[in-house]
Each structure stands twice: as C-alpha cells, then as structure tokens.
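Just below is one structure, and these are the notes that go with it.
The analysis underlying the following values was restricted to heavy atoms, covering all of them including side chains, and did not include hydrogens, waters or symmetry mates. Lettering follows sequence order; numbering is per chain, from 1.
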Amino acid sequence: NAGVTQTPKFRILKIGQSMTLQCAQDMNHNYMYWYRQDPGMGLKLIYYSVGAGITDKGEVPNGYNVSRSTTEDFPLRLELAAPSQTSVYFCASRLGQGARNTEAFFGQGTRLTVV
Amino acid sequence: AQSVSQHNHHVILSEAASLELGCNYSYGGTVNLFWYVQYPGQHLQLLLKYFSGDPLVKGIKGFEAEFIKSKFSFNLRKPSVQWSDTAEYFCAQGAGSYQLTFGKGTKLSVIP
C-alpha cells in the first residue's frame, strides 16, 4: 500500500526554469492538496482538487499551476522558478466527499531550492 | 476565513516532563480537528482526531487532546515525554467540504 507518492524528493532549479512535481495516490481519494512548508510558517495551501477535472486556488497559488486528469494524479507545475519558491512541498490526499471528517495522508515531500 | 493558532513556537522539555501544546481554532460551526506530528526530515503523520462525542480524544504514542468548544481550543497533552517525541506538531482544522487549515506548528525538543 503505497499511499501518497511524491517525486522527486530533492531538486535544485535555476531561476526561470520550469518543473513539475509529481504526486500520485492509490487510495481512491477524492480530495488532493498541495501545500508548501516554510520554516515557522506552517503549511500554506497552494492548490486543491475535489475530484478529477476540478481544481481551485488555495492561499498562495501565484507562480504555480495544477491539473487533475485522473483521480490518482495531481501534478504541480512551476513555470518560471523564483527564489521565493524555495520550500518543501507536500502533497496530501483525503477521502473527502461524503466523508469530510477524514484525515489527510501526506507524501514524503519535495525539497526544492531555486538558485 | 478560518484560522488555527498555536501558542508556542518552540517548547523545550526534559524527558519525563508533562507536555501541553495549545491550539485555538476560529471556525464556529461543525469542526473536525486534528493533530499531526512531523519527525525531523519526515512527512506529517496523524496523531489523533476529533469529530464528535467524547471531548477527550486519545491518540497514538500516549498523546491525548481535549476539545473545549467554549474556548475554541484543542490542546494536545502527554503526561511524560520521551526523547523520541522530539518533532514538530501541527494542529489542523477541517471545515466545509474540503478545507483543511493548519497552524504554524510547535517545535518540541526533548532533552535526555
């Protein structure tokens, strides 16, 4: 049972480069989330999805894009990397619809450095 | 917008000391509350959760939390901490159909 799988674990980008952070879950969860974690700031929601084909902005969406073509996958795209996007990124999933009081399951995180 | 406040940024305790980490939430409707733990270099893992019923919730590894609706609080407690409890602890609140809001976290350092 893999749960939530994120790739890559670490990445260094140059300013202006683009990349996609991958996230996949095998629990048939409806809801998926992308958070970024910065020291002392907790987790801030970037984007979320309540099902395939449905995505919406969270608290800090600028500079990011997402898609949700399948229930399993929820990739996060950085188009023009900036130093402010240096952070640890966590993907999470949650059963959601019809069972909103369920906990979120997290991936192992991607540590991204933009230089 | 809902918010979650954690009172302490960093707590330092000796082994066997008792622990209480504060958490206050802002949403006034039906709430679902969680405590997560993040060990160094790892992802967040669920410690315990509250949806309804007995306001004293027991979780894994000897942790418990008490939901006090009148105070909008959900404090985490452990009677006797161990060095292995060194981690960062996050309180979170679920509200509405999808929202899951986290506090800023409290770092716990346990000195052997």
Side chain, backbone, both or neither of B:Y50 within contact of chain A (heavy atoms, under 4.5 Å): neither
Which portion of B:E88 sits near chain A, non-hydrogen atoms under 4.5 angstrom: side chain
B:K107 atom NZ, neighbour heavy-atom count above 12 within 6.0 Å: no
Greater than 12 external heavy atoms within 6.0 Å of A:I12's CD1: no
Shared hydrophobic cluster, [X] / [Y] (ILVMFWY, side-chain heavy atoms < 4.5 Å):
{"X": "A:Y35", "Y": "A:Y48", "answer": "yes"}
{"X": "B:V11", "Y": "B:V37", "answer": "yes"}
{"X": "B:L46", "Y": "A:M32", "answer": "no"}
{"X": "A:L45", "Y": "A:L21", "answer": "no"}
{"X": "A:L78", "Y": "A:L80", "answer": "no"}

Contact check, side chains of A:Q6 and B:H43, non-hydrogen atoms, under 4.5 Å: no
Among B:T101, B:T106, B:L33, B:L44, residue most engaged with chain A (heavy-atom pairs, under 4.5 Å): B:L44
Considering all heavy atoms, the nearest B:Q38-A:F90 contact: NE2-CZ, 3.3 Å
Top contributor to chain B contacts, counting heavy-atom pairs under 4.5 Å, from A:V88, A:L43, A:D56: A:L43
Rounded distance [0.5 Å steps], CE in A:M41 versus NZ in B:K104: 4.5 Å
Pairwise distance CD(A:E103) to CG(B:N32) - rounded to 0.5 angstrom: 11.0 Å
Segment of A:Q37 engaging chain B (4.5 angstrom heavy-atom cut-off): side chain
